[in-house]
Amino acid sequence: MKSLRIFKVNVNVIYYILVALMVGSSLFLGMYLGFLGLVSHQTVISILKQSPYATISLLISMLNLIVGYYLWMEKDVILRNRRKCRGMLVTIGLAQALVGNLLVVLGTIIGYVCTKNLSEVSGYQMSKLKAGLVIAAYGICLMFIGLIVK
């Protein structure tokens, strides 16, 4: 924990880095598909028809974009409460581990460690429905990846 203090890492910084990673990776994949289409003189739709893996990656990146936008809009609510922040970090970490986004998983682990300084609000219950829906959506993407790899 001492090494984290050296870099002045707190949960706010980790939170913004996670949102930037999720949204940035989505935008990067979109730009990559556009560039690939430009170079090969094909439309993005024809590239997606030829490569099911690219289609699943695009689906995952759209989910990342939606979740990243939600996290950005709810940052004040999430960062106010330790239990909510930890619940969100565990949910995002599990969902990203399902699809293999290891940078975000590492960031969620570091963020979980850094949440010691947040206040604990009594009586808070994490929305299990939201967490379940996020993990289920990424699980469906993992299932599609498994079908493609066969």
Side-chain angles (χ1 to χ4, degrees), residues 3-4 7-116 118 124-150:
S3 63
L4 291 177
F7 295 116
K8 304 254 188 220
V9 175
N10 62 18
V11 73
N12 290 334
V13 172
I14 294 294
Y15 188 83
Y16 291 127
I17 288 173
L18 286 176
V19 171
L21 279 173
M22 292 181 76
V23 172
S25 65
S26 301
L27 296 175
F28 180 74
L29 180 68
M31 290 188 304
Y32 172 73
L33 288 174
F35 178 74
L36 194 60
L38 186 67
V39 169
S40 64
H41 302 291
Q42 295 178 350
T43 63
V44 173
I45 301 296
S46 63
I47 291 172
L48 294 176
K49 285 180 182 177
Q50 291 173 0
S51 173
Y53 187 74
T55 306
I56 299 301
S57 296
L58 185 64
L59 188 74
I60 291 170
S61 71
M62 284 194 272
L63 279 170
N64 282 347
L65 190 64
I66 291 167
V67 170
Y69 178 72
Y70 173 78
L71 293 176
W72 179 260
M73 296 304 292
E74 296 292 323
K75 65 182 176 282
D76 296 330
V77 174
I78 292 172
L79 291 175
R80 228 181 304 156
N81 183 351
R82 182 185 331 154
R83 292 182 89 192
K84 186 167 192 145
C85 188
R86 283 186 170 180
M88 180 276 310
L89 287 171
V90 168
T91 302
I92 297 300
L94 286 174
Q96 294 297 317
L98 283 175
V99 295
N101 195 346
L102 299 179
L103 283 175
V104 175
V105 172
L106 180 66
T108 57
I109 292 169
I110 294 171
Y112 192 87
V113 170
C114 293
T115 57
K116 285 196 295 187
L118 292 178
Y124 173 75
Q125 214 40 4
M126 188 181 130
S127 173
K128 293 181 176 82
L129 177 64
K130 285 181 187 175
L133 286 174
V134 168
I135 292 175
Y138 283 100
I140 289 170
C141 292
L142 178 67
M143 180 189 69
F144 286 141
I145 291 172
L147 290 174
I148 291 170
V149 172
K150 277 187 179 180

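As the structure is a prediction and not an experimental result, all values here were calculated from the model.
- No donor-acceptor distance shorter than 3.5 angstrom exists from the side chain of Y15 to the backbone of C85, with no hydrogens or angles considered.
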Self-check item: Test side chain to side chain contact (heavy atoms under 4.5 Å, CB included) applied to L18 and T108, step by step
Solution: CA-CA 7 Å; L18 286 176; T108 57; 3.9 Å; yes
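- Looking at heavy atoms from C-beta onward, L59 lies out of side-chain contact with T55 at the 4.5 angstrom threshold.
- Looking at residues two or more places apart in sequence or on another chain, you find no side chain to side chain contact (heavy atoms under 4.5 Å, CB included) involving L102.
- In this structure, I60 CD1 and M62 CE are separated by 10.5 Å, a value rounded to the nearest 0.5 Å.
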Practice problem: Apply the test side chain to side chain contact (heavy atoms under 4.5 Å, CB included) to residues V104 and N101: give CA-CA distance (whole Å), side-chain angles for both, the deciding distance (0.1 Å), then the verdict. | Solution: CA-CA 6 Å; V104 175; N101 195 346; 3.5 Å; yes
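- With hydrogens and angles ignored, the 3.5 Å screen pairs a side-chain donor or acceptor of T91 with a backbone N or O of G87.
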Pair up each side-chain donor or acceptor in residues 25-38 with any protein partner under 3.5 Å, not counting sequence neighbours, and list the distances.
residue, atom, partner, partner atom, Å
S25, OG, L21, O, 3.0
S25, OG, M22, O, 3.1
S26, OG, M22, O, 3.0
S26, OG, S61, O, 2.5
S26, OG, L65, N, 3.4

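- Residues L89 and Y112 approach most closely at CD1-N, 3.5 Å, considering heavy atoms.
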Self-check item: side chain to side chain contact (heavy atoms under 4.5 Å, CB included) assessment of N64 paired with V99
Solution: CA-CA 11 Å; N64 282 347; V99 295; 5.7 Å; no
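- Within the model, atoms CD1 of I17 and CG of L106 stand 10.5 Å from one another, a figure rounded to the nearest 0.5 Å.
- For the atom pair K84 NZ and E74 CD, the distance stands at 6.5 Å (nearest 0.5 Å).
- A search for ring-ring contact (aromatic ring centres under 6.0 Å, His included) contacts involving Y69 returns nothing, not counting sequence neighbours.
- Between I78 and M88, the closest heavy-atom pair is CG2-CE, 4.0 Å.
- Remark: the backbone N or O of L48 is not paired with any side-chain donor or acceptor of S51 at under 3.5 angstrom.
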